[in-house]
Amino acid sequence: KSRFSAQFDKEQKKLHQQLLQAQKMESIGRLAGGIAHDFNNMMGIILGHTEMMQNSGDLNQQKQGFLEEIKIAATRSAELTKQLLAFAREQPVSPQVIDLNKSVESTISMLTRLFTENITLSWLPGQDSPFVFIDPSQIGQILANLCLNAQDAIADIGTITIETETLILDDRNKHSHPGSSPVEYVLLTVSDTGSGMDEDTLSNAFEPFYTTKEMGTGTGLGLSMVHGIIKQNGGHINLFSEKGSGTVIKIYLPRYGRTIDQSHDTAQPERTAQEIEKTLSNETANASETILLVEDEPAILQMTTLILESLGYTVLAAGHPEEAFRLAGENSREIELLITDVIMPEMNGRDLSAELLKLYPDLKCLFMSGYTADLITNQGVLERCNNFIQKPFRMKDLEEKVREILDRV
């Protein structure tokens with residue numbers, strides 16, 4: 001009885017620690033969401049004013065170069081925040097057709113910041129363009145978890161290698177990935193020269209909360225989350241490791257056809273910057289629509305107003321929902337588009353748009369926010385409408401999005 005009681009107390013303590021860790025992770029995620037909102041607003045101001053200065057046409061080449069460096073740094077900072085948030089909290093899944101090599105390359109720049117100086121990261125992309133259908137943020141989650149585990153397994157100097165290749169899985173190699181049918185896959189391999197795993201660790205590697213790390217240094221959720229993501233996307237994962245000989249993890253993702261389905265927006269060939277600029281300049285040359293802009297951050301409101309007015313639109317700028325209702329009621333012209341922040345002190349963007357639709361039944365809406373996607377989903381916006389732009393946005397992104405919505409039948 002005493003032995004049973006001791007075992008029960010041990011298991012109860014373990015579950016309690018897991019609960020505390022889960023609550024801690026949730027709190028960190030919420031904190032990160034709030035920080036991201038403020039940070040993205042500031043990055044938006046920097047990007048917006050930088051681009052407006054670049055477009056002013058009265059700067060010499062050297063000053064244009066300075067501004068371009070500011071814009072590049074601000075864009076990278078915003079992207080880094082987005083990637084870090086993808087690891088800190090759960091995001092709604094939005095799969096799309098992506099080039100896996102390009103997705104891995106964009107993640108590697110962040111991964112190198114996570115590694116200690118004793119780690120060498122080797123990137124060996126396949127020669128082909130491996131298209132897969134997956135949420136890009138999930139690639140970041142997969143690589144972050146696998147690479148951080150690999151780093152922890154390397155006691156001294158070591159190497160982490162990331163590779164991609166395309167292959168066809170048929171009856172000859174089907175035994176290594178049971179349940180799969182002959183199909184073309186993209187293989188993503190992450191290997192390390194670390195300490196490796198013994199048989200017991202290997203057999204439990206994908207179990208939730210299983211960890212060999214000391215209490216407080218690991219959740220045991222990394223590999224189980226990777227396993228879940230791969231299965232969710234119709235893929236397979238194999239783990240090979242021996243004590244003292246490092247670890248190799250092979251991830252098989254179904255390859256999206258060599259001839260990309262043109263019905264997918266994300267698979268459309270990207271237009272060049274010159275093509276986009278030419279199209280937008282033609283479309284906005286005669287822009288005459290009236291836009292109601294609602295944003296509670298004064299600097300963002302001012303900057304976005306300047307951008308839209310420079311494109312030829314008439315802008316009614318409101319710093320809060322009450323002012324938006326007043327401007328809408330006093331305005332004698334038809335308001336074609338509402339651009340509103342999602343989360344505001346008095347009323348969220350979803351409710352604001354619903355009320356304004358009573359005044360203007362044909363009103364089109366564009367929602368914007370610097371908060372993370374899961375918080376926006378809780379506001380009901382992403383589920384109700386795909387007209388959403390993430391802060392910080394570039395001037396061209398806003399220009400293209402506004403024109404797309406206004407021209408939509």
Side-chain angles (χ1 to χ4, degrees), residues 30-31 33-49 78 92 287-395 397-399 401-406 408:
R30 290 183 179 275
L31 176 62
I35 293 173
H37 176 256
D38 293 338
F39 183 83
N40 283 337
N41 272 344
M42 297 304 104
M43 285 298 102
I45 294 168
I46 294 171
L47 280 171
H49 285 289
S288 58
E289 291 92 346
T290 298
I291 296 174
L292 176 58
L293 174 65
V294 189
E295 167 61 62
D296 62 314
E297 174 61 49
I300 295 286
L301 179 65
Q302 180 187 38
M303 181 202 70
T304 310
T305 299
L306 290 173
I307 291 175
L308 292 171
E309 287 180 340
S310 72
L311 297 173
Y313 299 106
T314 299
V315 181
L316 305 176
H320 49 80
E322 184 178 346
E323 185 179 6
F325 289 126
R326 180 181 62 78
L327 290 174
E330 295 175 353
N331 182 59
S332 59
R333 299 180 59 182
E334 180 74 14
I335 299 176
E336 285 87 357
L337 178 65
L338 166 68
I339 302 179
T340 178
D341 195 9
V342 176
I343 299 178
M344 296 179 288
E346 298 175 12
M347 176 185 291
N348 65 41
R350 178 197 59 195
D351 294 340
L352 172 63
S353 66
E355 291 299 317
L356 286 172
L357 279 169
K358 296 176 182 178
L359 294 174
Y360 297 94
D362 297 326
L363 181 68
K364 297 177 180 179
C365 304
L366 173 60
F367 299 98
M368 57 183 180
S369 182
Y371 276 107
T372 50
D374 58 335
L375 288 177
I376 303 307
T377 299
N378 289 338
Q379 296 294 317
V381 171
L382 292 184
E383 296 167 331
R384 175 181 176 273
C385 179
N386 289 325
N387 297 350
F388 177 79
I389 188 167
Q390 178 76 48
K391 295 179 185 175
F393 44 78
R394 296 182 58 179
M395 188 172 176
D397 295 333
L398 178 63
E399 181 180 0
K401 194 72 174 177
V402 167
R403 198 65 256 162
E404 172 199 333
I405 295 172
L406 285 172
R408 192 180 299 162

To the nearest 0.5 angstrom, please state how far the [atom1] atom of [X] sits from the [atom2] atom of [Y].
X	Y	atom1	atom2	result
Asn387	Leu337	CG	CG	8.5 Å
Thr340	Leu356	OG1	CG	8.5 Å
Arg403	Tyr313	CZ	OH	4.0 Å
Leu398	Met303	CG	CE	8.0 Å
Ile291	Leu311	CD1	CG	8.0 Å
Phe388	Leu366	CZ	CG	9.0 Å

Identify the two heavy atoms, one from [X] and one from [Y], that lie closest to each other, and give their separation to 0.1 Å.
X	Y	value
Tyr360	Glu334	CD2-OE2, 3.7 Å
Ile45	Ile300	CG1-CD1, 3.5 Å
Thr305	Leu301	OG1-O, 2.7 Å
Cys365	Ser353	SG-CB, 3.7 Å
Ser288	Arg333	O-NH2, 3.0 Å
Leu292	Ala324	CD2-O, 4.0 Å

May I ask you to say whether [X] pairs ionically with [Y], meaning some side-chain N is under 4.0 Å from a carboxylate O?
X	Y	value
Glu404	Lys364	no
Lys391	Glu295	yes
Arg326	Glu322	no

Original post:
Quick one: does Asp296's side chain have a donor or acceptor within less than 3.5 Å of a partner on Met344's backbone?
Top reply: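 Absent.
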
**OP:** Would you check, one step at a time, whether the test side chain to side chain contact (heavy atoms under 4.5 Å, CB included) holds for Phe325 with Leu352?
**Re:** CA-CA 9 Å; Phe325 289 126; Leu352 172 63; 3.6 Å; yes

Original post:
Does the side chain to side chain contact (heavy atoms under 4.5 Å, CB included) test come out yes or no for Phe367 and Asn348, once each step is laid out?
Top reply: CA-CA 10 Å; Phe367 299 98; Asn348 65 41; over 6 Å; no

Subject >> Non-hydrogen side-chain atoms of Pro321 and Glu355 separated by less than 4.5 Å >> reply: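 With C-beta onward as the side chain, the pair stays apart.
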
Original post:
Are Asp341 and Val294 close enough, and set up right, to give a side chain to side chain contact (heavy atoms under 4.5 Å, CB included), and what steps lead you there?
Top reply: CA-CA 6 Å; Asp341 195 9; Val294 189; over 6 Å; no

Subject >> Which residues share a salt bridge (charged side-chain N to carboxylate O under 4.0 Å, His left out) with Glu309, sequence neighbours left out >> reply: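 Scan of Glu309 (salt bridge (charged side-chain N to carboxylate O under 4.0 Å, His left out), adjacent residues dropped) gives none.
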
